2 protein chains.
Amino acid sequence: MKPYRDMTPEERHHEYAAVKAHYDELKALNLKLDMSRGKPGRDQLNAVSDILNVLTLEDCTSGSMDVRNYGNLAGIPEARAMWADILGCQPSEIFVGGSASLQLMYDLVAKGMDFGLLHSEKPWNKVEGRKWLCPAPGYDRHFGISESFGMEMIPVPMTAEGPDMDMVEALARDPEVKGMWCVPKYSNPDGIIYSEETIRRIASMKPAAKDFLLMWDNAYCIHEFFGDYVPFPDILSECAKYGNEDMVFEFASTSKITFPGAGVSVFACSTRNMEYQKSLLNAQIISYDKVNQLRHIRFFRDKAGLLALMKKHAAILGPKFRCVLDALDREIAPRGIAEWQRPNGGYFVSVNTMPGIAKATWQLCKEAGLTMTGAGATFPYGKDPQDSNMRVAPSLPPIEQLEKAMEIYCVSMRLAALRKLLAE
Amino acid sequence: MKPYRDMTPEERHHEYAAVKAHYDELKALNLKLDMSRGKPGRDQLNAVSDILNVLTLEDCTSGSMDVRNYGNLAGIPEARAMWADILGCQPSEIFVGGSASLQLMYDLVAKGMDFGLLHSEKPWNKVEGRKWLCPAPGYDRHFGISESFGMEMIPVPMTAEGPDMDMVEALARDPEVKGMWCVPKYSNPDGIIYSEETIRRIASMKPAAKDFLLMWDNAYCIHEFFGDYVPFPDILSECAKYGNEDMVFEFASTSKITFPGAGVSVFACSTRNMEYQKSLLNAQIISYDKVNQLRHIRFFRDKAGLLALMKKHAAILGPKFRCVLDALDREIAPRGIAEWQRPNGGYFVSVNTMPGIAKATWQLCKEAGLTMTGAGATFPYGKDPQDSNMRVAPSLPPIEQLEKAMEIYCVSMRLAALRKLLAE
């Protein structure tokens with residue numbers, strides 16, 4: 001096998017005919033496969049379904065309050081304590097939300113828009129040229145929040161160590177730059193872990209905007225699928241070292257620990273931010289679902305129980321990621337038409353094809369019955385300047401379907417690459 | 001016994017000494033009682049706690065989707081169908097939320113502020129003199145939402161049939177009046193049911209603002225405690241009769257059916273509003289807790305099961321309301337110092353004292369260990385022009401505590417009335 005770039009035109013035509021025939025065979029199977037979103041598979045959900053009946057009537061009334069009734073805006077003390085243990089901060093710095101950390105993130109940005117944050121001179125809806133830093137490739141739903149609130153989104157390239165910090169520091173000198181998205185551990189989609197140096201530079205930033213908001217979405221904080229749990233610094237105390245304790249809000253959830261549709265989310269922030277946010281949230285909600293908070297605590301028991309549970313997920317997810325990487329190594333590497341990350345955790349494999357074929361690959365997959373994350377979706381406004389990045393999400397399909405999906409994906413990419421090279 | 005107004009000064013002094021002695025005795029008991037909020041009591045929560053373990057793993061996967069996973073923004077079909085049955089609208093008109101209808105209400109007003117509603121010319125945050133109609137006495141948390149978004153709140157007197165509609169119609173001619181709060185059945189706090197004529201006039205309104213928002217908080221839609229379930233018109237079809245289908249959002253929840261801290265909330269609206277709201281909500285949340293939605297459906301089984309459950313609540317609440325009304329009839333009526341409503345459902349008894357003594361009564365209660373809803377809280381900005389309305393919330397205390405609480409309340413009111421009359 002030769003890299004496609006090194007083939008003669010005749011060799012490419014020959015290869016094209018073979019790949020096209022393979023593609024047509026797959027298409028004729030009329031499959032319906034989905035690698036588009038980071039949805040846990042049914043086997044993962046079954047592995048945690050004891051949570052459904054773990055809570056007793058006695059549990060509800062035996063703690064510091066009756067969790068069934070109104071009250072306790074910031075969540076039950078047991079849940080605040082456990083999340084503090086996981087994230088490395090203080091229980092008083094934890095706010096426990098509902099089933100979606102996305103909602104907590106959206107609501108926080110909305111609070112900035114409507115009322116301003118703790119150090120805002122005015123609400124962001126009064127800042128005409130408001131901007132947001134968007135390390136890319138990144139998470140489309142993050143970008144969706146910024147876009148919906150009319151932020152000008154500025155893409156920042158990702159490196160192997162996290163966002164390009166020279167560029168972040170330069171851009172943050174603009175007082176209209178009001179915040180930045182970060183997925184610091186097993187970033188979506190690259191799967192890399194921000195380096196200590198990157199974290200230090202982020203925590204010590206001096207943005208021109210006094211109300212700059214560091215959105216630290218630690219979505220995959222304990223989500224290793226290869227190897228053991230990797231400890232990770234507490235961003236709140238890192239920021240506090242540099243007098244930036246009010247700059248950061250950290251987010252996490254159990255969406256990929258228990259149930260995506262029925263988990264528990266949290267944010268962590270300085271106690272001053274907590275008081276201010278509680279004063280605003282008090283008009284919005286009396287408390288999130290405290291029974292579900294306690295249900296989760298009874299199910300996990302403690303941090304050790306939680307990490308043991310993540311090993312169960314890893315036992316299911318590991319082979320799926322292995323399947324994806326093996327297929328890429330076998331089918332794509334020898335052709336030299338893409339590169340990819342080799343993450344140890346998170347929910348994605350980030351593939352960078354040769355420029356100009358991501359959309360075509362996506363379209364070919366679709367026509368053969370495989371739904372992939374939209375090409376471009378990992379960039380602000382859906383615009384990947386290289387038309388190259390693709391997010392592979394292997395978690396949902398059972399492994400036998402996944403193998404078929406990867407066959408379609410690799411053949412589609414090869415076909416798209418050959419078409420592009422033949423047209424040059 | 002004589003009405004206090006009819007007493008001679010000497011009789012009043014005599015009465016004052018006796019009431020003061022009684023008050024001092026009660027105060028010396030150092031009680032800690034709470035009639036401030038519409039919180040269900042522990043006996044009510046215990047009566048529904050089978051819901052904790054009603055859901056099985058099979059339930060989660062046997063319906064139209066796996067409720068444990070991501071997806072279905074508007075909620076599970078079973079929950080949409082059941083709420084449509086309760087409210088009298090179509091399943092497609094129902095959006096199922098999280099544990100708090102307050103959150104759905106807040107978020108809807110926030111959407112109006114940030115993006116505008118379906119028929120808005122511009123977001124409300126660009127409408128400088130935005131105003132909101134607040135039938136009063138009303139619900140403090142409603143007023144809290146309007147106030148936090150900088151609406152000028154205009155109080156509208158409540159009558160025995162609902163808000164004073166002559167005034168509502170006149171005020172709605174102002175294009176800066178963007179909406180109105182309504183609790184149409186067992187209104188908070190008056191406990192009255194809007195009359196058919198009031199509902200017709202509301203549904204047929206022609207407000208100057210094309211984006212006028214009728215917030216129809218049907219919080220007590222099936223919450224009778226005396227007598228049988230009273231059917232109630234579907235406001236969506238009422239509004240549609242007059243071409244106003246996009247003017248109204250209806251809200252309801254199970255906060256006072258299952259658990260206040262862990263229930264399910266809904267809004268109902270026209271399908272056009274639904275599409276628009278979903279397009280906005282899509283940036284905020286993937287779905288609310290669908291497992292809890294299904295848990296509720298399995299627990300209720302059907303509308304008949306739900307109404308049977310409400311009878312259990314009524315069996316607990318009825319005697320508590322009877323206790324409140326009996327105390328008022330016995331201790332207050334003969335003195336002629338207050339009037340009150342006699343509701344058949346809801347969570348409150350609305351008491352109107354003689355002008356100028358509500359705050360003093362509240363303060364005396366507090367000093368004797370009884371927390372009441374703040375005097376004035378039922379009016380916008382906490383300002384009751386008559387200093388008269390007090391909301392009595394009998395649901396939380398067990399009946400023996402409630403009797404003591406009513407003793408303190410009645411004695412405090414008598415003391416406050418005598419002080420006022422003696423000072424005249």
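Lettering follows sequence order; numbering is per chain, from 1. A quick note: this is a predicted structure, and the numbers were derived from the prediction, not measured.
For the set B:Leu55, B:Leu45, B:Val109, B:Ile285, the count of heavy-atom pairs under 4.5 angstrom toward chain A peaks at B:Leu45. Contacts with chain A were tallied for B:Ala110, B:Gly144, B:Pro40, B:Ala100; B:Pro40 has the most, counting heavy-atom pairs under 4.5 Å.
If you measure heavy-atom distances from A:Leu396 to chain B, the contacts under 4.5 Å come from the side chain alone.
Not counting sequence neighbours, the partners of A:Phe95 by the ring pair (Phe, Tyr, Trp, His ring centres under 6.0 Å) test are A:Phe267.
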Short donor-acceptor separations (under 3.5 Å), chain B to chain A:
{"from": "B:Pro40", "atom 1": "O", "to": "A:Asn69", "atom 2": "ND2", "distance (Å)": "2.8"}
{"from": "B:Asn46", "atom 1": "OD1", "to": "A:Arg68", "atom 2": "NH1", "distance (Å)": "2.8"}
{"from": "B:Asn46", "atom 1": "OD1", "to": "A:Arg68", "atom 2": "NH2", "distance (Å)": "3.2"}
{"from": "B:Ser49", "atom 1": "OG", "to": "A:Arg68", "atom 2": "NH1", "distance (Å)": "2.8"}
{"from": "B:Asn53", "atom 1": "ND2", "to": "A:Leu55", "atom 2": "O", "distance (Å)": "3.1"}
{"from": "B:Leu55", "atom 1": "O", "to": "A:Asn53", "atom 2": "ND2", "distance (Å)": "3.2"}
{"from": "B:Arg68", "atom 1": "O", "to": "A:Gly261", "atom 2": "N", "distance (Å)": "2.8"}
{"from": "B:Arg68", "atom 1": "NH1", "to": "A:Asn46", "atom 2": "OD1", "distance (Å)": "2.8"}
{"from": "B:Arg68", "atom 1": "NH1", "to": "A:Ser49", "atom 2": "OG", "distance (Å)": "2.8"}
{"from": "B:Arg68", "atom 1": "NH2", "to": "A:Asn46", "atom 2": "OD1", "distance (Å)": "3.2"}
{"from": "B:Asn69", "atom 1": "ND2", "to": "A:Pro40", "atom 2": "O", "distance (Å)": "2.9"}
{"from": "B:Tyr70", "atom 1": "OH", "to": "A:Lys256", "atom 2": "NZ", "distance (Å)": "2.9"}
{"from": "B:Gln103", "atom 1": "N", "to": "A:Gln284", "atom 2": "O", "distance (Å)": "3.2"}
{"from": "B:Gln103", "atom 1": "NE2", "to": "A:Tyr288", "atom 2": "OH", "distance (Å)": "3.0"}
{"from": "B:Tyr106", "atom 1": "OH", "to": "A:Lys111", "atom 2": "NZ", "distance (Å)": "3.4"}
{"from": "B:Asp107", "atom 1": "OD1", "to": "A:Gln284", "atom 2": "NE2", "distance (Å)": "2.7"}
{"from": "B:Lys111", "atom 1": "NZ", "to": "A:Tyr106", "atom 2": "OH", "distance (Å)": "3.4"}
{"from": "B:Arg141", "atom 1": "NH1", "to": "A:Asn282", "atom 2": "O", "distance (Å)": "3.3"}
{"from": "B:Lys256", "atom 1": "NZ", "to": "A:Tyr70", "atom 2": "OH", "distance (Å)": "2.9"}
{"from": "B:Gly261", "atom 1": "N", "to": "A:Arg68", "atom 2": "O", "distance (Å)": "2.8"}
{"from": "B:Gly261", "atom 1": "O", "to": "A:Lys290", "atom 2": "N", "distance (Å)": "3.2"}
{"from": "B:Asn282", "atom 1": "O", "to": "A:Arg141", "atom 2": "NH1", "distance (Å)": "3.3"}
{"from": "B:Gln284", "atom 1": "O", "to": "A:Gln103", "atom 2": "N", "distance (Å)": "3.2"}
{"from": "B:Gln284", "atom 1": "NE2", "to": "A:Asp107", "atom 2": "OD1", "distance (Å)": "2.7"}
{"from": "B:Tyr288", "atom 1": "OH", "to": "A:Gln103", "atom 2": "NE2", "distance (Å)": "3.1"}
{"from": "B:Lys290", "atom 1": "N", "to": "A:Gly261", "atom 2": "O", "distance (Å)": "3.1"}

